[in-house]
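Proteins get letters first, then strands, A, B, ... in listed order; numbering begins at 1 in each. Values below: all heavy atoms of this structure, side chains included; hydrogens, waters and symmetry mates excluded.
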There are 2 protein chains.
Amino acid sequence: MPSSTVENYLKEILVESIHSESGLVSMGKIAECLQVTPGTATTMVKGLEKKGWVNYRPRQGVKLTTSGRKLGMSMLRRHRLLETFLVETLDLDWGEIHDEAEELEHAISEKVLEKLDEFLGRPTHDPHGDPIPTSKGNMPEASDLSLLDCTVGQTAKIESIQDQSREFLKFARKNKLLPGSKIEVIQLDRIADTMQIKVGLKSFLNIGSKTAEKIVVHRSGEMEQ
Amino acid sequence: MPSSTVENYLKEILVESIHSESGLVSMGKIAECLQVTPGTATTMVKGLEKKGWVNYRPRQGVKLTTSGRKLGMSMLRRHRLLETFLVETLDLDWGEIHDEAEELEHAISEKVLEKLDEFLGRPTHDPHGDPIPTSKGNMPEASDLSLLDCTVGQTAKIESIQDQSREFLKFARKNKLLPGSKIEVIQLDRIADTMQIKVGLKSFLNIGSKTAEKIVVHRSGEMEQ
DNA sequence: AATTAGACTTTGATTAATCAAAGTTTATTT
DNA sequence: AAATAAACTTTGATTAATCAAAGTCTAATT
Ligand SMILES: [Mn+2]
Ligand SMILES: [Mn+2]
Ligand SMILES: [Mn+2]
Ligand SMILES: [Mn+2]
């Protein structure tokens, strides 16, 4: 049975591989995600390769094998279903749930997870708007469009928030930047690195590009579901 | 922060110390409970002493300190509340929940536990009939009377089942040996090591002393609540 | 009192995960 | 083409938890 450490590595490698066009994930990225030194990442990845979960090309990066991908998907499913449970059923704040799920995901069995999924009514997205993989390991593709890609006058709907930190999520909630919220780009200044948006029907907000990049959207009219 | 291993040791030492009149728990008992070799138990216990969770007298046994007792109680609370959740909310079989809770207890935070307790309506006993410690670390005393202590003609009510194994719990449920069930002792043969009991109003059952000892009861009339 | 059985402790080794620091490779500047 | 910087890998050490096997104590039993 894989350790919690291995489960964390495979989950993060999966998420990063989705965000990378080549599918390769660098040691530096892994070290950053898992908060370890680069040497530790290298050593661990060699161990993952020996167990058949990844293919590792020194100084190129790492790629999940079929079995590694399966395990990573299963962890992502656990994580996101647990986050949903913590918000929907236990009413925790969405800023707190990531860290809690980070631990619980390693302790919950497939059997309990299945019961939990049923209890929750088979949700498709977690509280941050991220898609929940099915038990078969399928995951709907997410939009690759952030607010940063929108131009003045465009309207969009928030799909997900790509920052799990307490402070950012607190800021997002306070300003109604939630999955489903309607956004309109009012003003853009690339030089000043600032963007004015309308959130909902009457509230306005200024954000910089770093923040805009974290708001994943689909443009209004596209992909309504 | 204590590791899962330490948490397991302290929880089991607590449970065993309640079942022992001297309060001392032997290395052999610890090794048995935790499924490790005696040498491992000795080594671990010395580590627990260095951290201030137990007092250890070589070849005598081990006793929890105040802080060790507190941690052990907290683990017992987590374990039993989680078992309750798994049965009440997710509808798992009571034979499966012990092993699941054994893992989850290390991953759930005090904050989530508090929400869970509230969600469950602050239950006082787990599905096996064992008392759930309060968040202050208080636990109602359990009966020390088993079916083995009853004589012919006596009636009693089952308080708890003291065997967490799948097979035993399956047997118990099939025969309606559940917390709250009414039992009457019909026949007793110490030599043959057998006991006939009436369960509920019409079903009869023969059990040996080893099984009778696992059925903790309070005699009818006593401690009704 | 000597023997023996059982419980316990000690010792030496192993595995997983980690870090710091030293060494190597690769890509980018000059 | 050299020099440099950044990213990466290697090495040697550490910690927690464990086991097998050898050694020691204690409490019966003879
Ligand atoms: Mn995790
Ligand atoms: Mn999430
Ligand atoms: Mn446990
Ligand atoms: Mn129980």
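- Nucleotide D:dT26 holds its P atom 15 Å from the CE atom of B:Met27, rounded to whole Å.
- Here the side chains of B:Pro2 and B:Trp53 are in contact, with some heavy-atom distance below 4.5 Å.
- In B:Lys115, the NZ atom is crowded: over 12 heavy atoms of neighbouring residues, nucleotides or ligands sit closer than 6.0 Å.
- Candidate nucleotides C:dT25, C:dA16, C:dC8 were compared by shortest atom distance to the side chain of B:Arg59, and C:dC8 ranks first.
- The side chain of B:Tyr56 sits closest to C:dC8 out of C:dC8, D:dT9, C:dC19.
- The distance from atom NZ of A:Lys50 to atom C1' of C:dT15 is 12 Å, rounded to the nearest whole Å.
- The CD atom of A:Glu7 sits 15 Å away from the C1' atom of C:dA16 (whole-angstrom rounding).
- At whole-Å resolution of the value, CD in A:Glu32 and C1' in D:dA7 are 14 Å apart.
- Rounded to whole angstrom, the span from the CD atom of B:Glu49 across to the C1' atom of C:dC8 amounts to 16 Å.
- For A:Thr40, whose side chain is taken as the heavy atoms from C-beta onward, the closest listed nucleotide among D:dA20, C:dC8, C:dT18 is C:dT18.
- Taking the ring centre of B:Tyr56 as origin, the terminal cationic atom of B:Lys46 falls outside the region bounded by 6.0 Å and 45° from the ring axis.
- Out of C:dA17, C:dC8, D:dA17, the shortest distance to the side chain of B:Ser26 is found at C:dC8.
- Candidate nucleotides C:dT25, D:dT18, C:dC8 were compared by shortest atom distance to the side chain of B:Thr43, and D:dT18 ranks first.
- The distance from atom CZ of A:Arg57 to atom C1' of D:dT9 is 17 Å, rounded to the nearest whole Å.
- Residue A:Tyr9 places none of its side-chain N or O atoms closer than 4.0 Å to OP1 or OP2 of C:dA16.
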| said: Could you walk me through whether A:Arg77 and A:Glu105 satisfy the salt bridge (Lys or Arg N to Asp or Glu O under 4.0 Å) test, starting with their C-alpha distance in whole Å, then the side-chain angles of each, then the deciding distance to 0.1 Å, before giving a yes or no? | reply: CA-CA 9 Å; A:Arg77 172 169 162 80; A:Glu105 65 190 4; over 6 Å; no
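- Using a 4.0 Å cut-off, no side-chain N or O of B:Ser3 falls inside it from OP1 or OP2 of D:dA16.
- For the pair B:Lys29 and C:dA7, the criterion of a side-chain N or O lying under 4.0 Å from OP1 or OP2 is not met.
- Out of C:dT18, C:dT9, C:dA20, the shortest distance to the side chain of A:Thr37 is found at C:dA20.
- Atoms CG (B:Leu34) and P (D:dA16) sit 18 Å apart, rounded to a whole Å.
- With respect to the salt-bridge test (charged N to carboxylate O, under 4.0 angstrom), the residues B:Asp93 and B:Arg173 qualify.
- Each of B:Gly39 and B:Met44 was matched to the nucleotide of DNA chain D holding its nearest heavy atom; the match closer to the 5' end belongs to B:Met44.
- Going from atom NZ of B:Lys46 over to atom C1' of C:dT9 covers 7 Å, rounded to whole Å.
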